[in-house]
Amino acid sequence: VEFDHPEIPNQKVIAIKHNPGNGYSNIFDNITNNGTKVYSKHPNEGQVFGFFSKAYNQWMDQLNLNKQPDIVILNDWHTGFTAALLEERKDVYVNNIKNNKVNKFSKKVPYIQGVIHNLKYQGVFSPELFGWIGLDLKYFHGTEMYGQTNFLKTLLEYSDYSEAVSKTYSREITTTRFSEGLEDITQRLAREGRLSGLLNGIDPSAWNPNIPNTGLEEYDQFGFSDEDTSNKSLGKKKLINDIFNTSRTNCEDRPAKGF
């Protein structure tokens, strides 16, 4: 499903969905006999995100050349096999060049950027999953780790460039202590100049109540600092009441989480 980005002009957003045939469940629902769901560490989870990668690659095949993306940014283990399938596309393209088969209908090969939030979550599943996804056997080594299919290793191996959520974390994951067993790969990427960090955070120009016309001006009265946090609870109370459009009491000292 393609739709316009709600904030960025002339930018398209793609959502992949599954329309199952009669008698089949939606693979993204992944409801098992005991009612578990996608993020339940159920073995089917590997097929769910393997299917996602296959669906993305199939969508790429259906695009006209002028609509194919130049850069594909892949987040965490769930997208690992998207990188591998795009790598396979790249190899086909290179072989076509060698054999003079490239023409105006040839598929573009996008630059692949992997993003790592937490190396601990790797998406480890049975080795049979590799066959189910349908990659050529020559890509197996880049997906296998200790006899299992490892989605995060796949993402690291087949991304052109990998980025962690901070420069500090990008250095930490090259050490034995923080690499979660992937130090051989992360150290190699660092040596090759294919690993760095970009600090997660908000855009202060868009979320600063001191700046006019951001819609946040009324929160300016609740400013606080490390030295004086007295206004923090009052600001949180106003935010919660604004979000839920109701008056809530006794919420100042309770945790508030936002996603």
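For the single chain, residues carry numbers from 1 onward in sequence order.
Among the candidates W132, Y121, W77, the single residue satisfying the ring pair (Phe, Tyr, Trp, His ring centres under 6.0 Å) test with F49 is W77.
T143 places none of its side-chain heavy atoms less than 4.5 Å from the side chain of E157. Contact check for I112 versus L74: side-chain heavy atoms found under the 4.5 Å cut-off. Taking 4.5 Å as the limit, every side-chain heavy atom of N57 sits out of range of all side-chain heavy atoms of F81. A heavy-atom distance below 4.5 Å is not found between the side chains of R194 and D160. The side-chain heavy atoms of E88 and Y139, taken from C-beta on, include a pair separated by under 4.5 Å. Put simply, the side chain of M145 reaches to within 4.5 Å of the side chain of L182, judged on heavy atoms. Considering only heavy atoms from C-beta on, D136 stays 4.5 Å or farther from D91 through its side chain. Between Q148 and P127, some side-chain heavy-atom pair lies under the 4.5 Å cut-off.
Classified by interplanar angle (parallel below 30°, tilted 30° to 60°, perpendicular above 60°), the ring pair W59/Y56 is tilted.
Rounding to the nearest 0.5 angstrom, the gap separating the CD atom in Q122 from the CD atom in E180 is 6.5 Å. Here the NZ-CD distance, from K54 to Q47, works out to 9.0 Å after rounding to the nearest 0.5 Å. Between atom NZ of residue K153 and atom CG of residue L119 there is a gap of 13.0 Å, rounded to the nearest 0.5 Å. Note that CZ of R171 and NZ of K167 are 8.0 Å apart. Values are rounded to the nearest 0.5 Å. With values rounded to the nearest 0.5 angstrom, E163 atom CD is found 9.5 Å from H117 atom NE2. Note: E172 CD to F178 CZ = 4.5 Å, rounded to the nearest 0.5 Å.
Formation of a donor-acceptor pair under 3.5 Å by the E144 side chain with backbone atoms of Y146 is found in this model.
In this structure, L155 and S159 approach most closely via the heavy-atom pair O-OG, 2.7 Å. Taking all atoms of both residues into account, the shortest heavy-atom contact from G193 to Y161 is O-CE1, 3.2 Å. Minimum interatomic distance between S179 and T186 (heavy atoms only, all atoms of both residues): CB-OG1, 4.5 Å. Of all heavy-atom pairs between G80 and T154, the closest is O-CG2, 3.3 Å. Between N150 and L152, the shortest heavy-atom distance links the atoms OD1-N, 3.1 Å. H78 and S53 make their closest contact through O-OG, 4.2 Å (heavy atoms, listed as atom of the first residue, atom of the second, distance).
Y111 is not connected to L86 by any chain of hydrophobic side-chain contacts under 4.5 Å among Ile, Leu, Val, Met, Phe, Trp and Tyr, and they are in different clusters. There is a path of hydrophobic side-chain contacts, each under 4.5 Å, that joins L85 to L137. Put simply, L156 and V124 are part of two different groups of oily side chains (I, L, V, M, F, W, Y) that touch within less than 4.5 Å, one to the next. In the hydrophobic cluster analysis, where Ile, Leu, Val, Met, Phe, Trp and Tyr join through side-chain heavy atoms closer than 4.5 angstrom, I73 is grouped apart from L198. Placement of I173 and V115 in two distinct hydrophobic clusters is found when ILVMFWY residues are connected by side-chain heavy-atom separations under 4.5 Å, directly or transitively.
The six-membered or imidazole ring of F125 lies near that of F151, with a centre-to-centre distance under 6.0 Å.
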Check against side chain to side chain contact (heavy atoms under 4.5 Å, CB included), Y169 and N118: CA-CA 9 Å; Y169 190 53; N118 191 333; 4.0 Å; yes
Carefully, step by step, assess D184 and R188 under the rule side chain to side chain contact (heavy atoms under 4.5 Å, CB included). CA-CA 6 Å; D184 287 348; R188 170 165 51 83; over 6 Å; no
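No more than 12 heavy atoms of other residues, nucleotides or ligands lie within 6.0 Å of NZ in K232, so this atom counts as exposed by the packing criterion.
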